[in-house]
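These notes are about the structure you will find just below.
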Amino acid sequence: MAVKLRKTVWSLHKILSYFVFLQIFFWVLGGIFFATVPFKALVKGGDYVTPPASASLPANWVMPAVAGVQQVQAVNTAQGTLVHIVAESGEQWFTPEGLSASKANAKEIATFAQGLYQGPASEPSVTWQAEPQRRMLGLVDETAGRAGLWVAAFEGARLYFGPRGDYQLVRSDYWVWYDALWRLHIMDYGEGDDFNNTLLRVFAWLAFAFVLTGLVLSYYAFTRTIQRGFNAPAKRLHNQNEM
């Protein structure tokens, strides 16, 4: 009976391993990465960039004729201090003189980015990104769906700016790997924030069954080792008597 049960458990353990081995590998690999790589310094980019200092509205600022104003904020950008207004109709940008702000150019972005970047001094490669940037075979959306951004690419990091030159975010290869491993870790390959999805729950139970059958097999192996240890002296004595 015990032999038959052991064989059944072994067969189940082997079948479960085919389903959960790769996912367990990603769980462990992700856990090692999350625990090893400094989050704020490298993943969030704290070692790569110093965000622009806060700005104040010009003393002689006159509010333009904008209906339904919800927020007014001065922002340091690649074009200097601009005023960002959020209204019911959308967002608008103005110069300190109250004129509509134009789109920043690549040279302005490069100069501004060099002042924010904390890595080795270098000239960034500046490009206009019309579509969201996806990496890792499309698994990682580096800008979370945001398009229409300037990107200043340095050797260690990529700095993103809005059309008027306002700093948005920083990304590095550490962040890309973190995001990819996080999606693999929680098995959410869409938005990357649903850690209670059905796929994850199914594999969690399969992994639990895999571990449970492994414990049962370990118990059988342990008891067999103990039995062999007890039987060894009697076997040696029997052999000596035959001699």
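Starting from 1, each residue takes its place in the sequence as its number. Treat the numbers as computed from the prediction; the structure is a model and nothing was measured.
- Side-chain contact check for Q168 versus L149: some heavy-atom pair is nearer than 4.5 Å.
- Between F208 and W205, the two ring planes are perpendicular [angle over 60°; tilted spans 30° to 60°].
- Panel note: side chain T81, backbone T77; no donor-acceptor pair is recorded below 3.5 Å.
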If you apply the rule side chain to side chain contact (heavy atoms under 4.5 Å, CB included), what do you find for Y178 with V43, and how did you get there?
CA-CA 7 Å; Y178 186 99; V43 177; 3.8 Å; yes

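- E123 is not listed as a side-chain neighbour of F154, based on a closest heavy-atom distance of 4.5 Å or more.
- Distance OG1/T143 to CZ/R158: 11.0 Å, rounded to 0.5 Å.
- Rounding to the nearest 0.5 Å places CD of Q79 at 8.5 Å from CZ of R164.
- Contact between P124 and A152 at its shortest, heavy atoms only, is CB-CB, 4.1 Å.
- Closest heavy-atom contact between A221 and T225: O-OG1, 2.9 Å.
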With ring-ring contact (aromatic ring centres under 6.0 Å, His included) as the test, would you mind laying out the steps for H84 and F94 before giving the verdict?
CA-CA 7 Å; H84 180 221; F94 294 91; 10.0 Å; no

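- Using a distance-only test at 3.5 Å, with no hydrogens or angles considered, a donor-acceptor pair links the side chain of T223 to the main chain of Y220.
- Heavy atoms of other residues, nucleotides or ligands lying less than 6.0 angstrom from CZ of F21 number 12 at most.
- With T213 contributing its side chain and F210 its backbone, the two residues share a donor-acceptor pair below 3.5 Å.
- A side-chain N or O of T50 and one of Q118 form a donor-acceptor pair less than 3.5 Å apart.
- Across A78 and I109, no two heavy atoms sit closer than the pair CB-CD1, 3.9 Å.
- The one candidate from W93, W150, Y160 that meets the side-chain contact (heavy atoms from CB on, under 4.5 Å) condition with D166 is W93.
- Remark: E142 does not engage R171 in a salt bridge, criterion side-chain N to carboxylate O under 4.0 Å.
- Between the side chain of N76 and the backbone N or O of P52, no donor-acceptor pair lies under 3.5 Å.
- For L99, the CG atom is densely surrounded, since the number of other residues' heavy atoms within 6.0 Å is greater than 12.
- Residue W182 holds its CH2 atom at 13.5 Å from CG of L139, rounded to the nearest 0.5 Å.
- Side-chain atoms of Q114 come within 3.5 Å of backbone atoms of S122 as a donor-acceptor pair (strictly under, hydrogens ignored).
- Within 6.0 Å of atom NZ in K103, more than 12 heavy atoms from other residues, nucleotides or ligands are found, so the atom counts as buried in its surroundings.
- The environment of OH in Y219 is sparse: at most 12 heavy-atom neighbours from other residues, nucleotides or ligands sit within 6.0 Å.
- For the pair L199 and F203, the minimum side-chain heavy-atom distance is below 4.5 Å.
- Residue-environment remark: CZ (F39) exceeds the threshold of 12 foreign heavy atoms within 6.0 Å.
- Side-chain contact between V83 and Q73: absent, with no pair of heavy atoms (C-beta onward) separated by less than 4.5 Å.
- In this structure, D141 does not pair ionically with R183, as no charged nitrogen and carboxylate oxygen lie closer than 4.0 Å.
- When all heavy atoms of W61 and P96 are compared, the pair lying nearest together is CE3-O, 3.6 Å.
- A 4.5 Å side-chain heavy-atom check between Q71 and I85 finds every atom pair outside the cut-off.
- With a 4.5 Å cut-off on side-chain heavy atoms, V72 and L57 count as touching.
- Heavy atoms only, all atoms of each residue included: A147 and A130 are closest at CB-O, 3.2 Å.
- The aromatic rings of Y167 and F161 lie perpendicular to each other, with more than 60° between the two planes, well past the 30° mark.
- Without hydrogens or angle criteria, Q23 side chain to V20 main chain gives no donor-acceptor distance under 3.5 Å.
- Within a 6.0 Å radius of CD in E131, other residues, nucleotides and ligands contribute 12 heavy atoms or fewer.
- The minimum heavy-atom distance between M187 and L200, with the atom names listed, is SD-CA, 4.0 Å.
- No donor-acceptor pair closer than 3.5 Å links the side chain of Q129 to the backbone N or O of T127.
- Judged by distance alone, with hydrogens and angles left aside, the side-chain atoms of D179 form no donor-acceptor pair with the main-chain N or O of Y174 at under 3.5 Å.
- Annotation: W128, atom CH2; neighbour count of heavy atoms from other residues, nucleotides and ligands within 6.0 Å is above 12.
- One distance of note links CG of L217 with CG of L212; it measures 10.0 Å at 0.5 Å rounding.
- Summarising the geometry, atom CD1 belonging to I32 is positioned 15.0 Å from atom CH2 belonging to W27; distances are rounded to the nearest 0.5 Å.
- Between the CZ atom in F26 and the CG atom in L181 there is a gap of 8.5 Å [rounded to 0.5 Å].
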